[in-house]
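The structure presented is a predicted model; accordingly, all values stated were derived computationally and were not measured. Order of the sequence lines sets the chain letters (A, B, ...), proteins ahead of strands, with each chain counted from 1.
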There are 2 protein chains.
Amino acid sequence: MKRNTRLSSTLHILVHMAEKPEHALTSEQLATFIHTNPVVVRRTIAGLRDAGIVTSSRGHGGGWLLGRAPENISLAEISAALGETLLPLSTAPESPGCLVEQAVIAVLDDFRVAAEKLLAEKLSRITLADLTADFRRRYDLIGVSSHAV
Amino acid sequence: MKRNTRLSSTLHILVHMAEKPEHALTSEQLATFIHTNPVVVRRTIAGLRDAGIVTSSRGHGGGWLLGRAPENISLAEISAALGETLLPLSTAPESPGCLVEQAVIAVLDDFRVAAEKLLAEKLSRITLADLTADFRRRYDLIGVSSHAV
DNA sequence: CGATATTGTAACTAATTAAGTTACATGAAG
DNA sequence: CTTCATGTAACTTAATTAGTTACAATATCG
């Protein structure tokens, strides 16, 4: 089954941005982090700009900046801004009038709605700041072990 | 975004099978319920046979039967037997050595594992019997309203 | 035994989607 | 006014899944 890499790629980009809060990063630079094309980056994070999670500016010296402090950016918002559900479970009718299908859809739809709420709650408790903290912990560890050798 | 219809289609098929516990239904018959091809049906529910949720027999009078009572078949088992995750969230490394990516993956992977467990728990509380009960409720309602008119 | 009905599965084709690419208009800075 | 950047449309490519065809294996019935 194909897995969705967009959330993971976007978080990767955002942590890099959080690590360089002073200057805008270009789509070109962001693209190299996730080994892709600048246009793909712009397209992917366009929704984040609309949600105020990042800002973009054109022209010389332009690029992308976080729209607010990493502490105030939750993974739930990021995921929502990407415009994709985490649970791509279809509950759309395909045999209108079939009571069996109606029963299946009713039960499955209840599950889907409740599950999406649960997932959003879990993600809302993780912020971009948690990710950068985790990164710095790893970074410092490498430094220490390098000194030790 | 493309949504996965396999769980919904499979449940549709299984409820029909639960409603006719006395005789085997052929792939051909099952295929008509979900407007597809018998081979697609066989391929889709092959995993359910391996999991003991259904049984199949060849030859004249052959076809598919539930492997046990609907009360003892949970949606968690069915979903697992389909061999697809409900949360197609990639946490696979794409930039080996990048500490930012490692931090992102660590956090996201924890989330994924915990979320999958939560979803499985929710699904394990719903059985095929719940679905057939819901179907019969709808069926009886239609009957009543028909008589009323 | 031979005819018929059914699953199991491999191999191929078609349809759909997401990713990647090209091209260029728009706008900002020096 | 040149350069650098985003915004976005349009197109191409790649990957995945669904659908189809074909046929071997197997079971039943007469």
Trainee: State plainly whether the residues Asp140(A) and Arg136(A) are in salt-bridge range, i.e. N to O under 4.0 Å.
Mentor: no
Trainee: OP1 or OP2 of dA28(C) less than 4.0 angstrom from a side-chain nitrogen or oxygen of Ser57(A), does that happen here?
Mentor: no
Trainee: At under 4.0 Å, does any side-chain N or O of Arg49(B) touch on OP1 or OP2 of dG8(C)?
Mentor: yes
Trainee: Five pairs per end, C1' atoms only: what is the angle between the end axes of the helix from dC1(C)-dG30(D) to dG30(C)-dC1(D), to 10 degrees?
Mentor: 10°
Trainee: Under 4.0 Å, counting only non-hydrogen atoms across every strand here, what does Gly62(B) touch: a base, just sugar-phosphate, or nothing?
Mentor: sugar-phosphate
Trainee: Could you tell me the separation between the CG atom of Asn37(B) and the C1' atom of dT21(D), rounded to a whole number of Å?
Mentor: 9 Å
Trainee: Answer yes or no: is there an ion pair linking Glu77(A) with Arg68(A), defined by an N-O contact shorter than 4.0 Å?
Mentor: yes
Trainee: Without swapping roles, check the side chain of Thr32(B) against the backbone of Gln29(B) for a donor-acceptor pair under 3.5 Å.
Mentor: yes
Trainee: For a side chain to side chain contact (heavy atoms under 4.5 Å, CB included) with Leu48(A), tell me which candidate from Ile53(A), Ile13(A), Ile73(A) qualifies.
Mentor: Ile53(A)
Trainee: Whole angstroms only, please: what is the CZ-P distance between Arg43(A) and dG20(C)?
Mentor: 9 Å
Trainee: In whole Å, I'd like the distance from the CG atom of Asn4(B) to the C1' atom of dT17(D).
Mentor: 10 Å
Trainee: Taking atom P of dT6(C) as reference, at what distance in whole Å does atom CH2 of Trp64(B) sit?
Mentor: 14 Å
Trainee: Please check: side-chain N/O of Asp109(A) versus main-chain N/O of Ala106(A), any donor-acceptor pairing under 3.5 Å?
Mentor: no
Trainee: Could you give the CG-to-P distance, from Leu30(A) to dA5(D), as a whole number of Å?
Mentor: 12 Å
Trainee: Is the shortest side-chain N/O distance from Arg42(A) to OP1 or OP2 of dT6(D) below 4.0 Å?
Mentor: yes
Trainee: Might you point out which heavy atoms bring Glu101(B) and Pro96(B) nearest each other, and give the distance in Å?
Mentor: OE1-N, 4.2 Å
Trainee: Within the side chain of Thr132(B), is there an N or O that forms a donor-acceptor pair under 3.5 Å with the backbone of Ala129(B)?
Mentor: yes
Trainee: Tell me the interatomic distance from Arg58(A), atom CZ, to dA29(C), atom C1', rounded to whole angstroms.
Mentor: 14 Å
Trainee: Just how far, in rounded Å, is P of dA18(C) from NZ of Lys2(B)?
Mentor: 9 Å
Trainee: On DNA chain D, compare the nucleotides closest to Gly61(B) and Glu84(B); which residue's is nearer the 5' end?
Mentor: Glu84(B)
Trainee: What's the closest nucleotide to the side chain of Val39(B) if the choices are dG19(D), dT21(D), dA19(C)?
Mentor: dT21(D)
Trainee: What's Gly63(A) touching, base or sugar-phosphate or nothing? Going by heavy atoms closer than 4.0 Å.
Mentor: sugar-phosphate
Trainee: Quick one: is Ser56(A) getting a side-chain N or O under 4.0 Å of the dA5(D) phosphate, OP1 or OP2?
Mentor: no
Trainee: Measure the acute angle between the ring planes of Tyr139(B) and Phe135(B), then classify it against the limits of 30° and 60° as parallel, tilted or perpendicular.
Mentor: tilted
Trainee: Does the side chain of Ser27(B) get closer than 4.0 angstrom to OP1 or OP2 of dT7(C) through an N or O atom?
Mentor: yes
Trainee: When the distance from CD of Glu28(B) to C1' of dG19(D) is rounded to whole Å, what number comes out?
Mentor: 14 Å
Trainee: Could you tell me whether Arg6(A) contacts a base, only the sugar-phosphate backbone, or nothing, with contacts defined as non-hydrogen atoms closer than 4.0 Å?
Mentor: sugar-phosphate
